[in-house]
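To keep things clear, I will list the structure first and then write my remarks on it.
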Amino acid sequence: MPAHEGSHMYRAVPAQIDLPAMEHDVLDLWDAEQVFEASVAQSAGKPPWVSYEGPPTANGTPGTHHVEARVFKDVFPRYRTMKGFHVPRQAGWDCHGLPVELAVEKELGFSGKQDIERYGVAAFNERCRESVLRHVDEFTAMTRRMGYWVDFDRAYWTMDAEYVQSVWWSLKQIYDKGLLVQDHRVAPYCPRCGTGLSDHELAQGYETVIDPSVYVRFPITDEAFLTRFPGAVFLVWTTTPWTLVSNTAVAANPDADYSVVVTSDGETVVIASALVSSLLGDGTTELAVLKGSELERITYDRPFDLVEIPDAHYVILADYVTTDDGTGLVHQAPAFGADDLASCRSYGLPVINPVLPDGTFAVDVPVVGGLFFKKADATLVELLHDGGRLFKHLEYEHSYPHCWRCHTPLIYYAQPSWYIRTTAIKDQLIEQNELTNWFPGTIKSGRFGDWLNNNVDWALSRNRFWGTPLPIWRCPDGHLTVVESLAELSAIGGVDVTGTDPHRPYVDDITIPCTTCGATAARVPEVIDCWYDSGAMPFAAVGYPHVDAGAFAAQYPADFICEAIDQTRGWFYTLMAIGTLVFDRSSYRNVLCLGHILDEEGRKMSKHIGNVLEPIGLMNDHGADAVRWFMLASGSPWQARRVGHAAIGDVVRKTLLTYWNTVSFQSMYARLANWEPSQPAPAVADRPVIDRWLTAQAHELAREVDRSLEAFDTQRAGRLLSTFIDDLSNWYVRRSRRRFWDGDPAALATLHEALRITTLCMAPFTPFITERVWQDLFRTTDPDAATSVHLAEWPQADPGVIDAALAEDMALVRRIVELGRAARATSGIRTRQPLGRALVSASGWTSLSDDLRAEICEELNVAVIETLADDTAGFVEIAVKANFRALGQRFGKQTPLVAEAIASADPVALIAGIRSAGSVSIHASDVGDVTISEADLVVTETPREGWAVAAEGGESLALDLHITDSLHRAGIAREIVRAVQEARKQAGFDVSDRISVWWDTPDPVVRLALTEHHALIAQEVLATSFEEDTQRASASAVAVTVPDTSLGILIARSGDR
RNA sequence: GGGCCUAUAGCUCAGCUUGGUUAGAGCGCUUCCCUGAUAAGGAAGAGGUCGGUGGUUCAAGUCCACCUAGGCCCA
C-alpha cells in the first residue's frame, strides 16, 4: 500500500512468495491489460523479426517436450521485441494426416480402411475435424500457463479452406515446373493404414526387431553348369522369407568373385568367394572361382511354387550387390524392393505381387493365402526346412521401418504414387543449406547435410481420407488439370463451387471438363502428406496468394525457427524444400535444433513406461518460470537432458528465490526509509566503491546477456544472470546491509538500478516473476515506466560504466576474504571476535585501493590489513613454483630444465633479487643462464609461527591471533548484540521496532565491555533506553541469554511499556 | 553396416574452441561457523586413474587415431 497519495514508493514485497500463485495473478494482469497485444501493436512499423510457429499436431495431450520447444520459441521473440523489433507471432495447428485419422479410428474401434469406407468418408472426416478442435484446447491452456505469447486469435489451421487452397496454389507452381509427377515405384507402405509413406516419415519409425535370417538352397538347373558341377546349388540369404514366395531372380555382382565349393558335408554350393570361410568354415574344397558375370542367366529351381511367375528364375547382374554379408547372391522380389524392381525391369522380368494392399497374401495363394505377410515367415521357413531347402536358420536383430503412428511393420511395395522431384533441386537445396545458420552447427553438414546429399524424391500422395486433397483432375485419356483454388475450379467448370469444403468427399464430387480435351475429368483419389501442409505454412498461414500478399512479403523468410532434433527431416526439411521449390529460397535463416527431454533416469518419456511429466502439473508445482529457466539455462539446449522435480526445484531455490529476496530486501528498507527512486542520490562516480562495482557489473551483464542472446546461447545468458544474482545477494547486499538499515540513498539507488537491469535482462526468460517485480518496484515508482516489463526496452549497457579493472580487483578482494574465512575457521576464532590485523600476499594486492582493503577488514572483522612482504621480521616463509604457462612459451622443450632450476634455487634469495632488481639470472643445466622475473613464478608467502594462515594459488593471508583485553571486550559487545538480535527475532519484533534494554552483571569485564560499547550496542539493537537495572521487569519483557557470560538482560518493545 | 552426439565427484552438469602442473559448480553426505532479507550464506572434509588404449607435445581432461559403452539418426 502506498504511504500517501501521489507517492512513488515501492509496493511492499513479502519475503515469502508462492510462485505458482503469483504467476496466475500475472496471467490475469496480462489478460486484463492486453499486454501481449500491446507489445505487438506498440512495435508496429519497427523492423520485423520473424519467427514461425511450427504447428503442433493436435491429436493428443501436450507433453513436457512441447514446453521445451515453446520456451525457446518464446524467449527470442520477447528479447527481440525488447530490442525494438516488431515480432508478430501467429499460432498454428497441424490438423490433417494419419495421426488424427488413427486417433479417430481408435475412438471408433476401427481396424482399417474398410471400416472407414463403411462408416462414410464425410462422417469420418467430420470426426477428425472435431478431434482436432477438441485437442487444441489442451494446447492452448498449456501455452497460456507457460507464458508462451503467441496469437491464437489469428492462428492458422491447415484444414481451413484458405490454407488448403494456398497449398493447392503451391502444388500447381511445382507441377508447372514439371516437378510433380506420378510414378510407379517401390515405396515403404503401411498395410494397416493402407498408404505409402514418405522417406521422412520412414525416418520416424525405425524399431528394433528380430527377424529370421535364412540361407536357402536354390538348386541350379542349368545343364551345362551341372555337368561341370553336379548337384550344385546357389546359397541365397534373406531376412524376409515371405518375399521368397514371389522370388523372380537371383542377383550377382558382375565384378565379384564367386566360388564353387564342396562343403565339409560334401555339398556343392555357389557363394561369393569373400564369404566362404565366414559362412562355411574350414574343411571346404574349392572347385572353381567364377566372375559374377559368368553366372548370368544360369537358371535355378525357386524355393516355392505357390504363384505363377513365367519366364523367370535365373541369375541377373546388379552392381549394388555386395559381398559384405549374406552370400553375395541376392534374392529378387521386384514387387518388394526398389533395387530389385530396377534390376528385374532391365531384364524384362515380370513384377508379380501376391500381397494385397491390406498386407495379407491373396486368398488363392496356397499355404499362406490370407496370412499377414510377416506372419507367413514361420510357416514358410518350416516349409523350406521340410523340403530340404533350408541351409541355415538364424535370428537376426536389426532395425526395421515401422509405421510411425501405428507401429505396423512396413512393407516395401510397388504401387503408383505422386512424387515431388526434389532430386531435381538437390543442388539448390544444398546451396540454401549453406546460407542457413544451424545451432548447433554440426547439424548443418552432419545430419541435415547428409540428408540433403542423399536426397530422394518426395513421395507426396497418401491413399487416405483426412488430408489436403491433391488438386489434380484427370480425364479418361489421362490428361491432367491442376488447379490452384476453388475459384479456378469454378471458372473451368462453369459452376460456382467456391463455397464447397475442399476436403474429401465433397471435392471428389466436383468434375470439370478436361482443359486439354474437354472430356469429363475427376479428381485423382489421393490426399497429400501432412508434412507438406506444415512446410507450406510461411505462405499458407496467410492464405497467400489468394488472401493477403502483403502479409506474406513481410514475413518471408523467417529469421528464426526452433524445434527438437526429430524435425531435422520433418519440418526443417519440408520448410526448406517447399520454400526452395516455390520461391527459390529457404524459408528460414537461423534454426535452433533442441535435444530431447528425458526423464530423471535418462529414458525417453513415454506413456508405456509411465514416466511422462505432465507439464501443467509441473508448472503448478514449481512455477512456469522455473520450468522455463531449466529449459533455457540448465545444461545444453541441443543436448538430450534429464528433467525432474529435483532439478527444477533447484532453479527455484538458487535463482528465482534469491532474486526475489533481494527485491524484497530492497523494498523493505526503502519503505522503512521512505525512500523513492526519484529522490536525489550521489552520482555513481561519487558513491562507495562497492556501488561503483555493482553498477559496472550490471552494465556488463546487460551487454553480455545481449551478446549471448544474439548468438542464441541461452545457456550462457542464464549462467551470467544466475552468477550476477548470486553476486548481488551474497556479496553486494551482504556487504552493504548496514547502509540499507540506515536508508543510505546511494545504496538504495544502486540496488534499484541493478535490479532494474537484472529484471529487464531476465524478463524474456522468466516473464512472470520479472513482471511482478516490475509492477511492484518500477511501475509504481516511475510514472514514465512501461506498464509492463515486456513493453520496456532492453537495458542499454554503458561501456563507460563497465570497469574491468575494478571487477578484477573485487574478485581479488573476494578471494582474499575467502582465505580469511578459511583462516578464521582453522583458528577456531569466530568472525564476531575482532582481531588486530591480517597480512596478505597476492599479486595485485599492493595496488588495491584503500576502500577495497576496508571491505576486507570489515568482512573479516580485523582492525588493519597489511602487506605480508612489508614485514621484515623474517617470519615469512616463501615458496616458489614455476609458472609453466609463462615459461613454456619462452623455453619450449627446455621448460622442465628451467623449472627444475627454479625449484632448486633458494626462494628467499630469488625473490629478494627479483623484488630489488626486477629480474634475476639463474643457471639451468643444459640451458645456461636464464633471466627470471616474477611473472615466471608462482610465489606463495606464509608466516611461520603464531598465525592462522590460508593460501591458495599463490595468494595467502595470515591472521594475527593475539586477542588483547580491548579486543576481547569488543568481542563481548558483539556477542551481546547478536544475542539481543536473536531475542528480538524470537519475540517476533519487527526489524524497525525500538526497544528498551535493562541489564545487570556481576562480571567486571562484561560490565566494562557494556559501558565501553554502550552506544554501539544500543545503536545496533535499536535501543531507545539502555540501563543497568534488572528490577524493572515488565510484563512484556523478554529475557536474553548471552552465552559464556553471567549477564542478565531484559528487553521490551518501547511501545509495550 | 554408415553418420552424428555423449562419456569429468554418489547424482546433475561446467571446463575442451585457445594444451600449462592442486580439474570446478550445484545437489547429497560429515563437522563447524554465521544470520537485522533469504526456502539463504560461509569454512573444512570425504568423494575423480576426466570411459579405455595408443599417439602428438617440454606439457593432454583439453589436440589426433583407434577401441568400448550409451543415445539419436540413417541403411
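Letters A, B, ... mirror the listed sequences (proteins, then strands); counts begin at 1.
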Practice item. Could you walk me through whether A/Phe572 and A/Ile443 pass the side chain to side chain contact (heavy atoms under 4.5 Å, CB included) test, one step at a time? Key: CA-CA 11 Å; A/Phe572 294 155; A/Ile443 307 271; over 6 Å; no

Same-atom distance ([atom1]) from [N] to [M], integer angstrom:
N	M	atom1	answer
B/rA25	B/rG55	P	34 Å
B/rA69	B/rA44	P	42 Å
B/rA46	B/rA39	P	30 Å
B/rC13	B/rU6	P	13 Å
B/rC11	B/rC29	C1'	12 Å
B/rU62	B/rU53	P	12 Å
B/rG28	B/rC64	C1'	38 Å
B/rG61	B/rA9	P	15 Å

When rounded to the nearest 0.5 Å, the distance separating OG1 of A/Thr662 from CG of A/Leu728 is 5.0 Å

When rounded to the nearest 0.5 Å, the distance separating CD1 of A/Ile902 from CG of A/Asp936 is 6.5 Å

[X] [atom1] to [N] [atom2], straight-line distance once rounded to whole Å:
X	N	atom1	atom2	value
A/Leu897	B/rA59	CG	P	12 Å
A/Glu859	B/rU35	CD	C1'	12 Å
A/Arg735	B/rC34	CZ	C1'	14 Å
A/Asn861	B/rC33	CG	C1'	14 Å
A/His752	B/rA37	NE2	P	22 Å
A/Tyr573	B/rC73	OH	C1'	16 Å
A/His622	B/rC27	NE2	P	17 Å
A/Arg885	B/rU22	CZ	C1'	15 Å

Assign each of A/Pro896 and A/Leu672 the nucleotide of RNA chain B bearing its closest heavy atom; nearer the 5' end lies the nucleotide of A/Leu672

Per nearest nucleotide of RNA chain B, the residue lying toward the 5' end, A/Phe884 or A/Leu1022, is A/Phe884

Applying salt bridge (Lys or Arg N to Asp or Glu O under 4.0 Å) to A/Glu818 and not counting sequence neighbours gives none

Report the relative orientation of the aromatic rings in A/Phe665 and A/Phe740; use parallel for angles under 30°, tilted for 30 to 60°, perpendicular for over 60°. perpendicular

| Using the ring of each side chain (for Trp, its six-membered ring), is A/Phe448 parallel, tilted or perpendicular to A/Trp438, with breaks at 30° and 60°? | tilted

What residues form a side chain to side chain contact (heavy atoms under 4.5 Å, CB included) with [X], not counting sequence neighbours?
X	answer
A/Ala626	A/His622, A/Ile648, A/Val651, A/Val652, A/Leu656
A/Arg885	A/Asn883
A/Thr655	A/Trp629, A/Ser722, A/Ile725

With the side chain defined as heavy atoms from C-beta on, A/Gln981 is closest, among B/rA37, B/rA14, B/rG36, to B/rG36

| field | Phosphate-side-chain proximity, A/Arg978 and B/rU35, N/O vs OP1/OP2 below 4.0 Å | value | yes

Check your understanding: Looking for any heavy atom pair under 4.0 Å, which part of the strands does A/Arg738 touch: base, sugar-phosphate only, or nothing?
Key -> nothing

- Message: Regarding A/Val733, tell me which of base, sugar-phosphate or nothing describes its non-hydrogen contacts under 4.0 Å with the strands shown.
- Response: base

Kindly determine whether A/Thr750 and A/Tyr732 satisfy side chain to side chain contact (heavy atoms under 4.5 Å, CB included), including the steps that lead there.
CA-CA 10 Å; A/Thr750 301; A/Tyr732 179 78; 3.5 Å; yes

Given protein heavy atoms under 4.0 Å, the one-letter contact record of nucleotides 38-43 of chain B, with B base, S sugar-phosphate only and - none, is simply BBSSSS

Exercise for the section: Before accepting this row, confirm whether a basic side-chain N of the pair A/Asp742/A/Arg738 lies closer than 4.0 Å to the acidic partner's carboxylate O. Expected result: no

Pairs under 3.5 Å (Watson-Crick or G-U), crossing ones as [ ], inter-strand ones as |: RNA chain B comes out as (((((((..((((......[...)))).(((((.......))))).....(((((..]....)))))))))))).

